[in-house]
Amino acid sequence: MRLWLLSIRSTGKLAGFTGLSVPNYLPEVLPAVEVGWRLGRAHWGQGMATEAAAAALRFGFEERGLERIVSIAQVGNDASERIMVSTVSSRTAGSSRSM
């Protein structure tokens, strides 16, 4: 659907990406749109993923009119699960975990 690059405002350095995509790799959740994020390790724990995921969710729900957005994290990825709980759940979107 749409991916955005995340960069450090003061330096322009690439930090990662966020966005919405169709999780074709996990057919049991289809039809669905997934919100996801990937950040370089140096940028973990700074709130960037939470802020970016929230912006992607706003885009999906408000601009694209989606009714359901899922988030999928690898079991044991506690940081991503915390982002899922704070952003996805607060938007009353669905959330799933991949096994």
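Numbering starts at 1 and runs along the sequence shown. The basis for the numbers below is simple: all heavy atoms, side chains too, and nothing from hydrogens, waters or symmetry mates.
Contacts of W44 classified as ring-ring contact (aromatic ring centres under 6.0 Å, His included), with partners at least two apart in sequence or in another chain: none.
Of all non-hydrogen atoms in L20 and G60, the two that sit nearest each other are CD1-CA, 3.7 Å. What you find for G19 and L3 is that their closest heavy atoms are CA-CD2, 3.8 Å. When all heavy atoms are compared, the tightest approach of W37 to S71 is CH2-OG, 3.5 Å. In plain terms, the two heavy atoms of E81 and G76 that are nearest each other are OE2-N, 3.9 Å.
Inter-residue side-chain proximity for F17 and S7 is flagged as unmet; no heavy-atom pair is nearer than 4.5 Å. Side-chain contact between L5 and L14: present, with at least one pair of heavy atoms (C-beta onward) separated by less than 4.5 Å. The shortest side-chain heavy-atom distance between V70 and R68 falls under the 4.5 Å cut-off. Within the 4.5 Å cutoff, side-chain heavy atoms of P23 are placed close to those of I72. Within the 4.5 Å cutoff, side-chain heavy atoms of H43 are placed close to those of I8. Proximity of E34 to I69: side-chain heavy atoms (C-beta onward) are nowhere separated by under 4.5 Å.
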Dump the intermediate steps for side-chain contact (heavy atoms from CB on, under 4.5 Å) on V33 and S21, then the final yes or no.
CA-CA 6 Å; V33 171; S21 64; over 6 Å; no
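In this structure, I83 is not a member of the same hydrophobic cluster as M48, with clusters built from ILVMFWY side-chain heavy atoms closer than 4.5 Å. In terms of hydrophobic clustering, with Ile, Leu, Val, Met, Phe, Trp and Tyr side chains grouped at heavy-atom distances under 4.5 Å, V22 and Y25 are assigned to different clusters.
Side-chain N or O atoms of T18 include one that pairs as donor or acceptor with a backbone N or O of G36 at under 3.5 Å. Side chain of S80 to backbone of N77: no donor-acceptor contact under 3.5 angstrom is found.
Remark: E63 CD to R2 CZ distance equals 9.5 Å, nearest 0.5 Å.
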